[in-house]
2 protein chains.
Amino acid sequence: MYKTARLCSSGLSWKEFGKKLNRSQCRSRILCQVNLFNRSLSTESAQKTLSSKNNDQQHSNNEREFDSTGYAVTTKLCFALGITGSVIWLLNRKRNIVHAAQSESAGSLKKGLPTYSLEEVAKHNKKENRIWVTYKNGVYDITDYVSNHPGGSRILLAAGSSIEPYWEMYAAHKQEEIYEMLEELRIGNITEKSKDEQKDSSDPYANDPKRHIALKPSSSKPFNAEPPLSLLRHSYLTPNDLFFVRNHLPVPVIDPKKYQLTVTKVGSTKQVNLSLEDLKRKFNKKSVVSIVQCAGNRRSEMVTIKPVKGLNWGAAAISNASWAGACLDDVLKRTGIDIETVDAKHIIFDGADADPTGHNYGASIPIEMARLLKKDIILAYEMNGKDIPQDHGYPVRVIIPGVVGARQVKWLNKITLSDKESTCHWQQKDYKGFHSSIDWHNVDFTSVPPIYELPVQSVICEPEAGSVLEDDEEVTVKGYAWSGGGRGIVRVDLSADGGKTWHSAELSPTEQPLYKTYAWTFWEGTIPLPKDHKGEVEIVCKAADTAYNVQPDNVEGIWNLRGVLSNAWHRVPVKVPKS
Amino acid sequence: MYKTARLCSSGLSWKEFGKKLNRSQCRSRILCQVNLFNRSLSTESAQKTLSSKNNDQQHSNNEREFDSTGYAVTTKLCFALGITGSVIWLLNRKRNIVHAAQSESAGSLKKGLPTYSLEEVAKHNKKENRIWVTYKNGVYDITDYVSNHPGGSRILLAAGSSIEPYWEMYAAHKQEEIYEMLEELRIGNITEKSKDEQKDSSDPYANDPKRHIALKPSSSKPFNAEPPLSLLRHSYLTPNDLFFVRNHLPVPVIDPKKYQLTVTKVGSTKQVNLSLEDLKRKFNKKSVVSIVQCAGNRRSEMVTIKPVKGLNWGAAAISNASWAGACLDDVLKRTGIDIETVDAKHIIFDGADADPTGHNYGASIPIEMARLLKKDIILAYEMNGKDIPQDHGYPVRVIIPGVVGARQVKWLNKITLSDKESTCHWQQKDYKGFHSSIDWHNVDFTSVPPIYELPVQSVICEPEAGSVLEDDEEVTVKGYAWSGGGRGIVRVDLSADGGKTWHSAELSPTEQPLYKTYAWTFWEGTIPLPKDHKGEVEIVCKAADTAYNVQPDNVEGIWNLRGVLSNAWHRVPVKVPKS
């Protein structure tokens, strides 16, 4: 059962899982769970391989096969499957109830119920105050349900806030039966007015959007926050609400009808202005699944060596989304600029976010890099199939796959071809890498080029640091890996004895070419614990990319004054029960 | 004087050097030396910036300025300048002698002199047997000259062999005065017949070419050898004779008139054959300066952890040359194949070198990689302006910049577009990277992709390991750095205290775009020695490339069964005199 659970909770080993099930003669009964789990995978691959038509047909077949024996198997599996299993449990519990609620009506305004502000809902995040959650416009009291939730206490991540981001991750919740059960717990409607009414007009951050309560802020103004590491690993495409946020300035509010993107070249009198509608209608829509990673991801590990200037990021200042929009190359071509031949050395991207003196955020990339990436740089207006949220650049953000987040300018309103780099502070005096003997008294920011592509990275998401393992013989480790410049991950190595012995993790396929891998690679492995542990073990991971670049052994050798480029072997101390 | 010597021996800091000289009021006198040194730099940049006309004019001006005071300055500098200084010393000694010898006649056959075989010359490599060297067809006895050689004992590197590769590096030797002096030492002519006559026709290696005596073999059949590390760093373009040699099989002898390159695609009936003349005349000649590095470079450091299978390479299994030939993309286009749209996943390159069973060497690269490199992959027939030598692939070798040497197939005779990788042993069962717990009993060569691009690398060439420093306060360190995939070097860090404190090395410009840097980067730095040394110091270097990938701290973490990808921080122990 342990092994099955391990496999079920990964998106990787279904073939192998299928073989095992065949052997144990219960293939048909479990198929439903497999199918449901596939639905919960929000990967492009899953979406591609399962057309909705086939999916529905399979589901219907599976329901017919879901007899009382299946019920028994499922109930047992629930405990192993966690939140995925919970859906199955619920499906069984509710299968004889008439499907009255529709997904469209769930969470819509209901007359006759009291109205609560989001602030009021937020106060109800503990059992003592009753536990409330929201779904669209609905407010629900789930206090009495929590103990029945087969996914366990994970449901409390949504306490006092919206369950929607979690349902994006655990998409199997999106079933009529679940919507219906949710509405049974309905206590009211929400309104967002209250906060707006209280807005302080002198506060430049007054127009910042509401953020999801699960995001852990490293600063509030400007807002910077990352999701819990264990949640990050549960969804190949990070839900928009849980995507880490890195803002340098207040979030601008842009009217999509008035939005204009200006394209120009230094020394040219020609200037082209494009509306949002122009971008959507005049150019083919192209999509790419691509990571955004902050240069300061894992900075908190550097701080353990000596202080650095920067937000104290954990290892979740990275997220993965499917972006869609117009191809930069197409836009430049339509405005008379051929990226291959244009007489310019850099492409400058300017954002609408500005400081009180009017200086805006901006960045640039070398023209050679733009040529190499050519068809893959996107002026994105969609993130995971929706309008890009306000925090992530609404209405348009440039996506430059394989490159540090700082160059993927949000609220993009100007593109300039130039012989010079962007003069913006964050291009010139930040986001560069120095050795550990250079500090603020002797730094020369002109001595090295800006960070563009990022180095190979891997992180253990599960188990989390400090957690207590259930087993004292082996541990299942899960995480992400990624490298800049489209270099795919060829290997992730795991050790539970400080690097004396290594084990190969199993890599989930990204479905991107190995030399144009812009998405992250999820990996998983079950490795033996050392026999001589004294109640504590350090789990270590390290990755290699297609250029066989590896992570440095220790953070000491890569410490730098800004705490960027932190990619040493990831080390996670855990506790092991003594047998 | 120490500082000047340091600057003179680098190709980098001439601007700074010029400023210093201005200050010391002796600019005009030293200019000649600068000019001569510039001539000795065989970099493309030096060749580009100094047209021969300007060069001659400057030289003539400088000669006029070379008065008796200049003589005194020069004599003192000789000791600091080493072999470069020696040329100046010789120039002065010989300046009143009539220029009788011509560079064209130096080394040509001279009637009436005895004839020696190369084997006979090779025996004369010590003072006891007299020291002979060759230059073209000439044999010279330099025994009595050695003690006068201002470059010191370096001249003995050529003892028993040709001085030509050294003069390629120290190009300042190429002066009428030097040729003339050399001819004064002439004792005979050489013939290469003797060895041919003795050839063992049953030996598959019987047709292997004669190699330069300075190459240190790691195996003789097949021949594999690297130049001395200190010599490697003296020439930006490695002279052909000193370029490291990596052969997997006997060297084939190919008649250039009969040479044919076949271009085809699996499943297509079309096959195009191109002669050497076709390649030279039907296509534009394109050149690229690019490294070739063996995947096993620095393997000897891995062996210190535990044994590996492979040639025991030092850190000089890497060299840099200017390659010229037809662009692969052009050749494919002319044969009806568009690299951007062709329905194939790999490009297979086959060589004419084969084992006794007829299996030839071959390799392939993914089509996506070929698309990214497109215009930079060359079917080279020239190496540093000459026909590619027999050991390096005569008449045609494919140059794939940024990629491991093993894929840059020599004696190229077939190009095949295919859905499959090359089936060659060295593509399938070799040149892949594993973690250190995988050994021959549990290796699965299908579990990781082949090595193509190589990771970031840097090596200290001077001082050499075990050498005794002259100074006990500081040390001048010189080396090379490089990274795969065209990623330029942005930083080299140096430490003499085990990484507690770091110093930035000065990087010589490569004149290649930072994101298409295929040549190596030479670097140099003078760093303080720790005060508490006990007669021994370990000097360390590490580099970062444009993706800020760094070298791993220790070789333990990257040990692998084939000893490839050895790129840990380079550590060189040296002895320091106690003050």
Side-chain angles (χ1 to χ4, degrees), chain A residues 295 345 366-369 371-372 402-404 432-438 444 447-449 451-456 483-488 490-495 499-504 513-516 542 544-554 556-558 564-565 567-569, chain B residues 295 345 366-369 371-372 402-404 432-438 444 447-449 451-456 483-488 490-495 499-504 513-516 542 544-554 556-558 564-565 567-569:
Chain A
K345 290 181 181 159
I367 194 84
E368 308 135 31
M369 186 168 283
R371 285 174 187 148
L372 282 171
V403 162
V404 64
K432 299 190 174 193
F434 301 94
H435 63 65
S436 59
S437 296
I438 288 178
D444 171 9
S447 67
V448 292
I451 298 169
Y452 299 110
E453 293 180 6
L454 285 171
V456 60
S483 188
R487 287 177 288 284
V490 301
R491 222 180 65 219
V492 174
D493 310 329
L494 305 174
S495 176
K500 271 182 233 152
T501 51
W502 293 95
H503 307 270
S504 306
L514 203 49
Y515 303 91
K516 281 196 166 202
K542 62 181 169 81
D545 68 15
T546 49
Y548 281 94
N549 273 300
V550 295
Q551 297 175 244
D553 314 23
N554 299 298
E556 284 86 345
I558 51 167
V564 290
L565 306 159
N567 72 328
W569 295 2
Chain B
K345 290 180 181 161
I367 195 83
E368 308 135 30
M369 185 167 283
R371 283 173 187 148
L372 282 170
V403 162
V404 64
K432 299 191 173 192
F434 300 94
H435 63 64
S436 59
S437 296
I438 289 179
D444 171 9
S447 66
V448 292
I451 298 170
Y452 299 111
E453 294 180 5
L454 285 170
V456 60
S483 188
R487 288 178 287 284
V490 301
R491 221 180 67 220
V492 174
D493 309 329
L494 304 174
S495 176
K500 273 182 229 150
T501 52
W502 293 95
H503 306 271
S504 306
L514 203 49
Y515 302 91
K516 281 195 166 204
K542 63 181 169 80
D545 68 15
T546 49
Y548 281 94
N549 273 302
V550 295
Q551 297 174 246
D553 313 24
N554 299 299
E556 284 86 346
I558 51 167
V564 290
L565 306 159
N567 73 328
W569 296 2

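This is a predicted model, so every value here is computed, not measured. Order of the sequence lines fixes the chain letters, A, B, ..., with proteins taken first and strands second; residue numbering starts at 1 for each chain.
- Between chain B and the residues A:Glu453, A:Glu556, A:Lys516, A:Gln551, the largest count of heavy-atom pairs under 4.5 Å involves A:Glu453.
- Between the side chain of B:Asn549 and the main chain of A:Val456, a donor-acceptor pair closer than 3.5 Å is present.
- When the candidates A:Gly484, A:Gly557, A:Pro449 are compared by the number of heavy-atom contacts under 4.5 Å with chain B, A:Pro449 comes out ahead.
- Both the backbone and the side chain of B:Pro513 come within contact range of chain A, judged by heavy atoms closer than 4.5 Å.
- At a 4.5 Å heavy-atom cutoff, the contact between B:Leu514 and chain A is made by backbone and side-chain atoms alike.
- Contacts between B:Thr501 and chain A at a heavy-atom distance below 4.5 Å involve backbone atoms as well as side-chain atoms.
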Practice problem: Kindly determine whether A:Ile558 and B:Lys542 satisfy side-chain contact (heavy atoms from CB on, under 4.5 Å), including the steps that lead there. | Solution: CA-CA 10 Å; A:Ile558 51 167; B:Lys542 63 181 169 80; 5.9 Å; no

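- Within the 4.5 angstrom heavy-atom criterion, no atom of B:Arg371 approaches chain A.
- Listed for the A:Asp553 side chain is a donor-acceptor partner under 3.5 Å among the backbone atoms of B:Asp553.
- Note: B:Ala547 leads B:Ala547, B:Ser447, B:Gly485, B:Ser437 in heavy-atom pairs under 4.5 Å with chain A.
- Heavy atoms closer than 4.5 Å to chain A are found in both the backbone and the side chain of B:Ser504.
- Chosen from B:Trp569, B:Tyr515, B:Tyr548, the residue pairing most often with chain A at heavy-atom distances under 4.5 Å is B:Tyr548.
- Proximity to chain A is limited to the backbone of B:Leu454, based on heavy atoms less than 4.5 angstrom apart.
- B:Arg491 places a side-chain N or O within donor-acceptor distance of the main-chain N or O of A:Gly433, the cut-off being under 3.5 Å.
- The distance from atom NZ of A:Lys500 to atom OG of B:Ser436, rounded to the nearest 0.5 Å, is 12.5 Å.
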